[in-house]
Structures are given as structure tokens and as C-alpha cells.
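Just so you know, ligand 1 is whichever comes first in the structure, and atom 1 is the first atom listed for that ligand. Model, not experiment: these values are computed from the prediction. Heavy-atom basis, side chains included; hydrogens, waters and symmetry copies ignored.
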Amino acid sequence: MEKHIPLLSIKNITKVYTIGDNRLDILKGINLTVEEGEFVAIMGPSGSGKSTLMHILGLLDRPTDGVYEIYGENVLKFNDNQTAFLRSKIIGFVFQQYNLLNKMTAADNVALPMVYSGGKNRKEKAEKHLAEVDLSDRTEHKPTQLSGGQQQRVAIARALVNDPKIIFADEPTGNLSSKQSNEIMQILTDLNKKGISIILVTHEPDIAKWADRLIMIKDGQVLSDTIQKKKERKNTEPLKIKKESSHLSIAEFAENFFSAIRAIISNKTRSMLTMLGIIIGVASIISMLALGSGAQKALEQQITSMGTNLLYLMPGRISLGGVSGTVARRIYLKDVEALAENTELIKNIDPNVNGSVQVVYGNKNSNTSITGATPIYQYLQNSVPQYGRFFTKSENENLAKVCVIGTTVVKNLFGNENPVGKYIKINRKQFRVIGILPVKGAQGYRDGDDMVIVPINTAMKRLLGTNYVSSVAVEVQDGKMSETETYLLKTMLERNKLTPEQADAFRIRNMSDMIQMLTSTTQTMTMLLGAVAGISLIVGGIGIMNIMLVSVSERTREIGLRKAIGATKIAVLLQFLIESSVLSLLGGILGVSLGVAVSVIVSKVAGWATFISSFSVILSVGFSALVGIIFGLWPAKKASELSPIEALRHD
Ligand code: ADP
């Protein structure tokens, strides 16, 4: 004959709490067997250990010692996944406090266990079970919009949704009026008639009367076990308990995702404040990097447009204290002519004089800087007029009073008038405007467009009264850079009868040196700004962790409930991880938009060049998601490791 296997059986179950040095023996060796289809009431005075026993039976708590078998399987040896499977498929739990999730509708509450069991047609099934407890017209109500009795009926529908074999009800009528209590007991009795076993904890004899079997408990021991109503014993097939670990279903992922969104939306202000750190961090990374790489790109462009094979020859710095003992020497036009003879090294040469002058047109006047140059200037300095023309060689030779002016001068003197062909006064001498220089923008601290260019001979003889030049721009033949540098210095020293030790008398500036210096400066700045922005991202991440910790402790009861209805550790972990990732990813996306907006506004308003690289977008969004995951992990892990009953008792 086949061995009879009861629905559940416990042997020598004990539960001991130690508080400080005190050992509390709550359950002192309980033995109990429940058959399929039974309706059992457990009664006893308050503090006798009824609920503790019930929680152990419902797999919400673990005994200190003893054996617990469901369908002959030693369930205390089950792992988290298997226990979650039992809570989900075999067991339904009804609590005194209902434990519904207030943010969900009745139907969603009922459907929740199916998320973890992977059931199909969740909505239809939820509605069917709500109809069974006579709540068809309340499916879209939130728990706070329902009476106590109605809430308990929703909780019963939730316990039923995965077709459990057994329902545990812990003081299910404890918070209800006697009329509502009777309704609940009638529902439980009807369920029992359909074959579901019921185990009920109560301290009220009136409630216990509904059951077929009454077990009295006192001081953690069974006092009596009596059959109140004789019932035919049904023999059912032993159940196959699924033991393999279940993987995460799409429904479960979606539910976690939407519950994360729900949690974020229902705490709008808090979520916004949490995200603010990430938003500011990401926005500053984006805009800082945009500004930095924009500045660098602009610089590179400017320099490449000027050509990198330029050298500048200037008189040496005038050393006031005479530290080096060398006196700077002037450069004259005849020096320039002599230098220019070496066409093997020098492609073009353009001597310049600089000064400042007053320019007047009509009743408008302004002070501006003046450069005297040769016609070569326009090519070396990328200054071919877009409007009008540059002066010619013969105009220079004839000391013609013509000038080319920058856009700032145009604005100051002419407003919207066309200046080409008009006469302006430079230091009280009439000059004809023949062209407008292309826009240069700000060059360091000075306005590159606030300038007037005249032929160098005109400048020296008619305006500034000098016979020497300020600097000489030299365009070097390809690949002759260092050779030319040596040549320039050597020739100038010879012409001035100076020794090589007196090289300080002249200065030679190399464009590629300047480029390197400038680029490395902007790069360092960009890195620095990026680092500061990165720190604010980390601070934002800590903000997220804080909120996640608060959120976890605030929702510990919810975690307990989710575990009680079949959520695995992984599912809980995932729920909170998704929440923090969504939070930080959303912050990241908002931050990117803000950063882009800031860069665009800055480049429009301040006229600074900005460049948003996809690298900086990916970097900052990726980083913010990472921040969310890393900083969400700890609170999420904390939440997932709680035992269901510990979590449910949390307030
Ligand atoms: P009942 O449901 O019969 O009223 P319980 O099973 O809830 O009783 O509790 C039985 C005893 O166990 C009580 O004296 C209670 O103080 C104690 N107890 C319950 N939970 C804990 C706990 N987590 N730590 C220490 N003692 C506890």
C-alpha cells in the first residue's frame, strides 16, 4: 500500500528568541498534521505563540528547530527560489492588517502574486476572483477607498489568484465588525467547500466555531486538538513541487519597471530633488566639455587658417634692471629687405608697425589700434577683405592714405552706413576706406576687430613718425622652420655687430610653440572642469543612495508583502535596482538636455564656441546610470535579505 502523505506536517517545532541574556521559548515542540481539505482553527490566549506558529507554517518565518514537510517535502531545506515558489503557488496568506499596496487598484493588488508566478491573463483572473468575493464593482478602487471588510475581501481574492492548496488566515476578522466578520468567514467556508484547506488563527470562539477542527495552544504547546465537524477525507494526488530556480519573466520585469515609475511619480518632489544632483552633474559635464572642446576647436581652426609655418621676429624684451646686460635692438625696414633675400628659406615677409590712433567720421570718433603692414599681411593673417579690397604694393610705395578697417570700427563710426569709399580722419589726416576686414572675434582679452590697417610706409611716415618696425611676420618655406630661426637670429646679430651671447637682443616666436602651449592650456582647463563636474555627479549619486535607503525602509512592509506572495530575493533586488537606475538615468537624460541647452545658450549669448561630442553624452549618461546602479545596490540588497515577517512587522 502507498504511504499516505498529508498536506503538511510539523514535528517538534520550536521557536526561541533571545533578547539580551533572556531566552524566550515561544514554541516548545509542536507536532501537527493537516490533511488536504481541512478547515482548522488555532485558538489560544494572546501571547501563546499562535501567530508565530502560523508564520512558520506560512513560510514567512523559520523555526529554531524541528521538521516541516509539505507534501512530504522537507521545506526548511528549500532555497530562496523554491520557498518563493511555495509561497506563490501552494500558499495563500490573509493578514489581520490586509497588507494591500495603497498605490495600486484593487485589481492590481489581486494580480500582484501572478507577477511573480508568471500567470497569464492577469487582469481577467483578478476580476474573476474579485467577483468571487463580491467586489466586481470595486476593481479600480484604491485600498484607501474601500471599507475594512472590502479590503479583507480584496486580500482574500489576492490569496486565491494563484489557486493555492492552502490559505493561512491570521486573525482575518480582527479589525472587522461582526457583520463583516461573518461575511469573511462565509467566504472562507465556501472556499473550503471547493477543496482549499484553511488554517485560521483567532482568539474569538465565535470565529473558531466556523472551523471543522479546533486546536488550542497555550504557552507554546498544543493543549487540545478536537474535531468539531466530521468531514469526509478526500484523497488527492500528491503535488509536484517545482524545485528548479525560476528565471525572471518579462511580466515581472515590466511590473518592476512600472512600479519604479509609479514610485518616482508618486514622490514627485522627492524624486526631482534626488535627480537634481545627477541633473546638475551631467549638465555641467556636458556643458563644460562642450565649452572646452569648443574653445579648442576654435583655436585650432584659427591657427590652421593662419598657417603653422609662421615665425615672428621682434626686438628683445627691454630688460629694465639689465639682468642680461643686453639691450634690445630695433629692426629697420632695410633689415627686413636683407632678410627677405634668402628666398630658399623665406617665402614671404611682412614687417608691421603697431600703435594706437584716434579715428573720426562725421561727429563720431573712437580710439583704436593701428597696424602698418605690407599687402602680404592679408594672406599671412587670413585677412583678405570680404568687402572692398586691401591696399596694393604701389599704394604702399606711394604712401597712399588708404585704410582697411575692422568691423568694430565700422560699427563705432558708421553704424549701418557702407564705409567703403568714405573718408575718415586718422590722427586728423584724411584716409579713404577701401575695405573691411573679415570678422576675427575676441582674441584673448582684446577685440580682434577693433583695428585699422594702413600701408606700412604711410603708417611710419605720416602717422606714427617712426623709422623702425614693431615685428616682422615671416612665412617659412616648408620644412625649413628651425633653419630659418637660426638664419634670422644670426643675420640680425651680424647686422648689429652682436655676439651669439647677445641673442637676447631679438625674440623669435614660433607659431607651433604657441599652438602647443594654448592647446595644452585649454586641455588642462577642460580636464579640470570635467573633474569638478564629475565630483558633483558622485555627490548626486550619494543623494540617490540616501533616497533609496529611505525608500527601502519606508517600503519595508511592502517588501515583506511582496515576499509573502512569492517574490524571490532577486525580484526584490531587481525592483529597487530598477528604481534607482530609472531615477539616475532619467536624471541623466534631463541633465543632457539641460547641458545641451546651456551650451547652446552660452554660444548664442556670449558668442563662445561650443562643441558637444557624442563622447561626452555617452560618458555622462553612462556614468549616471552606473552611479544609480552602484549606489542603489546596497539599499536594494538590504531590502532583499529581509525575512518576510520581519519586513511585515516593520513600521
Ligand atoms: P499570539 O499570536 O498567540 O498572540 P505571538 O505568536 O504573536 O502570540 O507571540 C508569542 C510571543 O512571542 C509573545 O510573547 C511575543 O512577545 C513573542 N515574540 C513575538 N515575536 C517576537 C520577536 N521578534 N522577538 C521576541 N519576541 C517575540
Original post:
Are His55 and ligand 1 in contact, using a heavy-atom cut-off of under 4.0 Å?
Top reply: no

**OP:** Could you check atom 4 (O) of ligand 1 against the protein and tell me its nearest heavy-atom contact, residue, atom and distance included?
**Re:** Gly47 N, 2.8 Å

**OP:** Spell out, as yes or no, whether a donor-acceptor pair under 3.5 Å connects the side chain of Asn31 to the backbone of Asn12.
**Re:** yes

Original post:
Counting from 1, what ligand 1 atoms have a heavy atom of Ile19 closer than 4.0 Å?
Top reply: 25 (C)

Original post:
With atoms numbered from 1 as shown, which atoms in ligand 1 lie under 4.0 angstrom from a non-hydrogen atom of Pro45?
Top reply: 3 (O)

Original post:
Just by distance, do the side chain of Glu35 and the backbone of Ile5 share a donor-acceptor pair under 3.5 Å?
Top reply: no

**OP:** For Gly220 and ligand 1, answer yes if some heavy atom of the residue is under 4.0 Å from a ligand atom, otherwise no.
**Re:** no

Original post:
Judged by modelled atom types alone, do Asn182 and Gln186 share a side-chain donor-acceptor pair under 3.5 Å?
Top reply: no

**OP:** Any chance you could measure Thr568, atom OG1, to Gln82, atom CD, to the nearest 0.5 Å?
**Re:** 12.5 Å

Original post:
What protein heavy atom sits nearest atom 7 (O) of ligand 1, and how far off is it?
Top reply: Ser51 CB, 3.6 Å

Original post:
Counting each atom of ligand 1 from 1 as listed, which ones have a heavy atom of Ser46 under 4.0 Å away?
Top reply: 4 (O)

Original post:
In terms of residue, atom name and distance, what is the protein heavy atom nearest to atom 6 (O) of ligand 1?
Top reply: Thr52 OG1, 2.5 Å

Original post:
Is there any N or O on Leu24 that sits under 3.5 Å from an N or O of ligand 1?
Top reply: no

Original post:
How far is atom 21 (C) of ligand 1 from its nearest protein heavy atom, and which residue and atom is that?
Top reply: Tyr17 CE1, 3.2 Å

Original post:
Counting N and O atoms only, with roles assigned by atom type, does the side chain of Ser271 sit under 3.5 Å from a partner on the main chain of Ile264, one being a donor and the other an acceptor?
Top reply: yes

**OP:** Check whether any heavy atom of Gly44 sits under 4.0 Å from an atom of ligand 1.
**Re:** no

**OP:** Verify the distance criterion only: is there a donor paired with an acceptor across the side chains of Gln97 and Asn175 at less than 3.5 Å?
**Re:** no

Subject >> For ligand 1, the portion of Arg649 having any non-hydrogen atom under 4.0 Å away >> reply: side chain

Original post:
Between Ile217 and ligand 1, which part of the residue brings a heavy atom under 4.0 Å of the ligand: side chain, backbone, both or neither?
Top reply: neither

**OP:** Could you tell me whether Glu140 and Lys123 make a salt bridge, using a distance below 4.0 angstrom between a side-chain N and a carboxylate O?
**Re:** yes

Original post:
Do Asp163 and Lys194 pass the salt bridge (Lys or Arg N to Asp or Glu O under 4.0 Å) test, and can you show the C-alpha distance, the side-chain angles, and the key distance before you say yes or no?
Top reply: CA-CA 11 Å; Asp163 304 317; Lys194 287 182 192 160; over 6 Å; no

Original post:
Is it the case that more than 12 heavy atoms not belonging to Asp134 sit under 6.0 Å from its CG atom?
Top reply: no

Original post:
Starting from atom 8 (O) of ligand 1, which protein heavy atom do you reach first, and at what distance in Å?
Top reply: Gly49 N, 3.4 Å

**OP:** Go through Glu132 and Lys128 one step at a time and tell me if the salt bridge (Lys or Arg N to Asp or Glu O under 4.0 Å) criterion holds.
**Re:** CA-CA 6 Å; Glu132 238 177 300; Lys128 185 190 121 198; 5.1 Å; no

Original post:
Which residue supplies the protein heavy atom nearest to atom 15 (C) of ligand 1, what is that atom called, and how far is it?
Top reply: Ile26 CD1, 4.9 Å

